[in-house]
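The structure appears right after this line, and notes come after that.
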Amino acid sequence: METVTISPLVTDNPRLRLDLHSGRRSLNTLEQTIGQLPGLSGSHGMDLGEFGPPRHAALDYEGAIALMVGRHTQGMHDRHVATLHKISSLNRGGFFFCDAALIAELLSLAAVNLASGRSEYAPALCALLQTLSAPFLKQRCNDDERFEEGFVSLLREVGALAACSHTQVAVAAVDMLLTLVVPKASRGSTPEGIARESVSVGLRLGTMYAQKLIAESGATLSALSVLSPVSESARPQTLAAMRLLRVLSRAGENAKVIAGAEDFDCLFSLFRQPLSEPSLALAVETVWNLLDCELEMTAARLASASCVTVLTQMLERTVAGDTDSDKELRNEVIVLGTRLAQSSAEARTALVQGGFFDATLQLVCRGGAKGAQLVLPTQVNLELVQLTLHFQQVVLAGSTTAELPPEAFEQLAAAALPAAMVELLDPRHAATTIWSPAQLHELRMRAMTLLSNLSVARPQELADLPRLAPALVEYLSATAPPALRDG
C-alpha cells in the first residue's frame, strides 16, 4: 500500500507569510482602536480572542445564595448587603442571560429581608435593579431563548419588587422593566436618529419579545396592583407604574392582561384625580391604548353606568379647564367616548344614559361650550368640534332608532343639534365668521354627514327646520365644493 505523507505547513512561502503578517497586524490595530473608544478602555476593553464578553471569574452566585440561606450565615446581613453590592459592581456592564435564574433567587431573598424590616437591603436592591437595566449579555447568540425560563422568573421577581412598599425600590424595579420595552437612547443620539431607531425592525421585534415575557411573568399585574389604593405617599410609585402600563398597553398580550385584570377598576379610578396630576393623563392614554388593542374586552369593562358617569364628569372638568393641557385632555376624553361608542349598542346606550352624549351636545350647540370655549378659532378648538361631531355621528349612525334610548332624541331636541348644524352650513350666519375657510370646510363636512344620519333617524324633525332647505341649496351650484355638493 502506498503511504501518503502529509507535508507540514510551509511558512517560508512569501505570499503566505505576507497574508499571516497582514492579518495579525490588522487584528492588533483593531484591538488598539477599540481600546481607545470612550467607555471601552482599560478593564472594559474587548477580548477579540473569544466569542462575546467573558463572565467575571470572581462571581459566585451559588455562594452568595448559600450565604443568605445558610443556617449559620443567614443573619449576617452586613455581609449579604456587601455581596449584593459587589455583584452589582462586577456586572456594571450588564448581566448574562445564563445567570438570570440565580439573580432572581438573590432578588427574592433580599426582598424577603427588606419586607421583614431590614432597610439596609434597599440600597443594594436599587443597585442591582439599576445594573439589571443595562442590556443583557450573551455567550451564545440564542442565550435569550435557551434561558428564557430563568429570565421570566427574574421578571417575576422584579414585578413583585415593583409592588413593594419601599418607594425607591419599587420605582427602580419599574424603571428596570421600562428599559426592556423602551430601550435607552445611545449616547449622542439625535432626535432624528432616535426616531429612525424607534421604527427599525430589530428594535420592534426586541420590544415585542420583551412585552411577551413581561406578560408571561405576571409583572404587568404587579404594576397594576400598585394603583390601589392611591395615597399621597404612594404617588411616586403610582406615577412610575402608570409610565410602565402606558407602554405595556400598546401590545396585544399585555393589553389583554390589563383589560381582564381584577384590578382594572383601579386604573379607571385614576380618572377622578385632579387635572394637574401627571398620572391622570397617563391613565387616559393607557385606556385609549387598551381600546385600540382590545376594544371588545375593554369596552365591556367601561360600558357601565358608573364608568360612564366618571367619564362624563371628567369631560365636564376638562371643558372648564383653562390650560392647553386641559384642552388636549378634553379632546382625548372625547376620543375615548368615540372608541367606546364604536364597540357595541350597549355601550352607546350607556353613553346616552350616563350623560356623556348630552355633555358633547353642549359643546357644539347654541349656548354650549360654556360661552368662551369655542370663540377662539384655535387648532385645539377645531379639533374639539371635529371630534365631538364625529362622536355624535358614531352614536347616531351605529344604532337604529329602536336601539337608541328615547333620551337620545330628547337630548338632541333640547340641544337643537340639527339647527346648530344648519348654522354651520349657512354662509351668512355669524357662527361661521370665526373660522378660516379651510377650518369651515372641515366643520361643514362633519355637519353634512351628521345631518345625513339624522335624515334617516329623525326625518320629520329635519323637515320642520325652516332654514335647512335654503342652506342646502347653496351647495347645489357648480361652484360649491364637490364633497359638500355630493353630501
Does L267 form a side-chain contact (heavy atoms from CB on, under 4.5 Å) with M242? I'd like the steps, not just the answer.
CA-CA 9 Å; L267 169 62; M242 280 310 311; 3.7 Å; yes

Would you compute the distance between atom OG1 of T220 and atom CG of D263 and round it to the nearest 0.5 angstrom?
12.5 Å

Taking R301 for the side chain and A261 for the main chain, is one N or O donor matched with an acceptor at less than 3.5 Å?
yes

For residues Y209 and E148, is any side-chain donor paired with an opposing acceptor at under 3.5 Å?
yes

Output the distance between atom CZ (R272) and atom CD (E277), rounded to the nearest 0.5 Å.
15.0 Å

Taking the six-membered ring for Trp, are Y121 and H77 parallel (under 30°), tilted (30 to 60°) or perpendicular (over 60°)?
perpendicular

Residue pairs involving residues 116-130 (criterion salt bridge (charged side-chain N to carboxylate O under 4.0 Å, His left out); sequence neighbours excluded)
R118-E120

Side-chain donor or acceptor of S89 paired with backbone N/O of K86 under 3.5 Å:
no

Please check if the number of heavy atoms outside N142 that lie under 6.0 Å from its CG is greater than 12.
yes

Hey, could you give me the CG/CZ distance between L221 and R156, rounded to the nearest 0.5 Å?
11.5 Å

Electrostatic pair R246:E285 at N-O distance under 4.0 angstrom
yes

Could you walk me through whether E383 and R330 satisfy the salt bridge (charged side-chain N to carboxylate O under 4.0 Å, His left out) test, starting with their C-alpha distance in whole Å, then the side-chain angles of each, then the deciding distance to 0.1 Å, before giving a yes or no?
CA-CA 10 Å; E383 187 179 89; R330 169 199 65 190; over 6 Å; no

Basic-acidic side-chain contact under 4.0 Å: R250, D292:
no

Close side-chain approach of R146 to F97, heavy-atom, < 4.5 Å
no

Note, L412 side chain near L396 side chain (heavy atom, < 4.5 Å):
yes

Under 3.5 Å, side chain of N113 to main-chain N/O of L109, donor-acceptor pair present?
yes

Measure across A64 and I87 and return the closest heavy-atom pair with its distance rounded to 0.1 Å.
CB-CD1, 4.1 Å

For the backbone of L295 and the side chain of T298, can you confirm whether one donor and one acceptor N or O come within less than 3.5 Å of each other?
no

Full working for side-chain contact (heavy atoms from CB on, under 4.5 Å) between V182 and T207
CA-CA 7 Å; V182 184; T207 55; over 6 Å; no

Between L363 and I334, is any pair of side-chain heavy atoms under 4.5 Å apart?
yes

Does any non-hydrogen side-chain atom of N91 lie less than 4.5 Å from one of D99?
no

L280 and M314, any side-chain heavy atoms less than 4.5 Å apart:
yes

In terms of ring plane angle, is the pair F391 and F356 parallel, tilted or perpendicular, where the classes change at 30° and 60°?
perpendicular

For the OG1 atom of T360 and the CG atom of L351, what is their distance to the nearest 0.5 Å?
9.0 Å

Heavy-atom closest pair (C293 atom, A255 atom, distance to 0.1 Å) is CB-CB, 3.7 Å

Distance from H166 atom NE2 to C126 atom SG, nearest 0.5 Å?
6.5 Å

Do other residues, nucleotides or ligands put more than 12 heavy atoms under 6.0 Å from Q130 CD?
no

Carefully, step by step, assess F271 and V333 under the rule side-chain contact (heavy atoms from CB on, under 4.5 Å).
CA-CA 10 Å; F271 280 51; V333 173; 5.6 Å; no

Could you walk me through whether K212 and M208 pass side-chain contact (heavy atoms from CB on, under 4.5 Å), step by step?
CA-CA 6 Å; K212 170 180 172 290; M208 288 170 60; over 6 Å; no

Between P123 and S119, the two heavy atoms sitting closest are CD-O, 3.6 Å

Could you tell me whether Q74 atom CD has more than 12 heavy atoms of other residues or ligands within 6.0 Å of it?
yes

Is the shortest side-chain heavy-atom distance between R339 and L336 below 4.5 Å?
no

The test is salt bridge (charged side-chain N to carboxylate O under 4.0 Å, His left out); show your working for R243 and D175 and say whether it passes.
CA-CA 9 Å; R243 288 170 53 227; D175 286 343; 3.5 Å; yes

Given the options L137, L154, L102, I103, F95 meets side chain to side chain contact (heavy atoms under 4.5 Å, CB included) only with I103

Please confirm whether the backbone N or O of E253 pairs with a side-chain atom of Q211, one donor and one acceptor, at under 3.5 Å?
no

Where the side chain of Q237 meets the backbone of C164, is there a donor-acceptor pair that is under 3.5 Å apart?
yes

Can you confirm whether Q168 is buried at CD, in the sense that more than 12 heavy atoms of other residues, nucleotides or ligands lie under 6.0 Å from that atom?
no

Is there a side-chain contact between E332 and L329, using heavy atoms and a 4.5 Å cut-off?
yes

So, T73 side chain and M76 main chain: donor-acceptor pair closer than 3.5 Å or not?
no

Is D324 paired with K327 through a side-chain N to carboxylate O contact shorter than 4.0 Å?
no

Side chains of F151 and D144: does their closest heavy-atom pair fall under 4.5 Å?
no

Can you check whether L67's main-chain N or O pairs, donor with acceptor, with H80's side chain at less than 3.5 Å?
yes

Report the distance from atom CG of N289 to atom CG of N254, rounding to the nearest 0.5 Å.
11.5 Å

Using a strict cut-off of less than 4.0 Å between a Lys/Arg side-chain nitrogen and an Asp/Glu carboxylate oxygen, indicate whether R446 and E442 qualify as a salt bridge.
no

Nearest heavy-atom contact between Q139 and C98 is OE1-SG, 4.0 Å

How close do A299 and L291 get, heavy atom to heavy atom, and via which atoms?
N-CD2, 4.1 Å

Minimum heavy-atom distance T338-L387, with the two atoms named:
OG1-O, 4.3 Å

Where the side chain of T312 meets the backbone of V308, is there a donor-acceptor pair that is under 3.5 Å apart?
yes

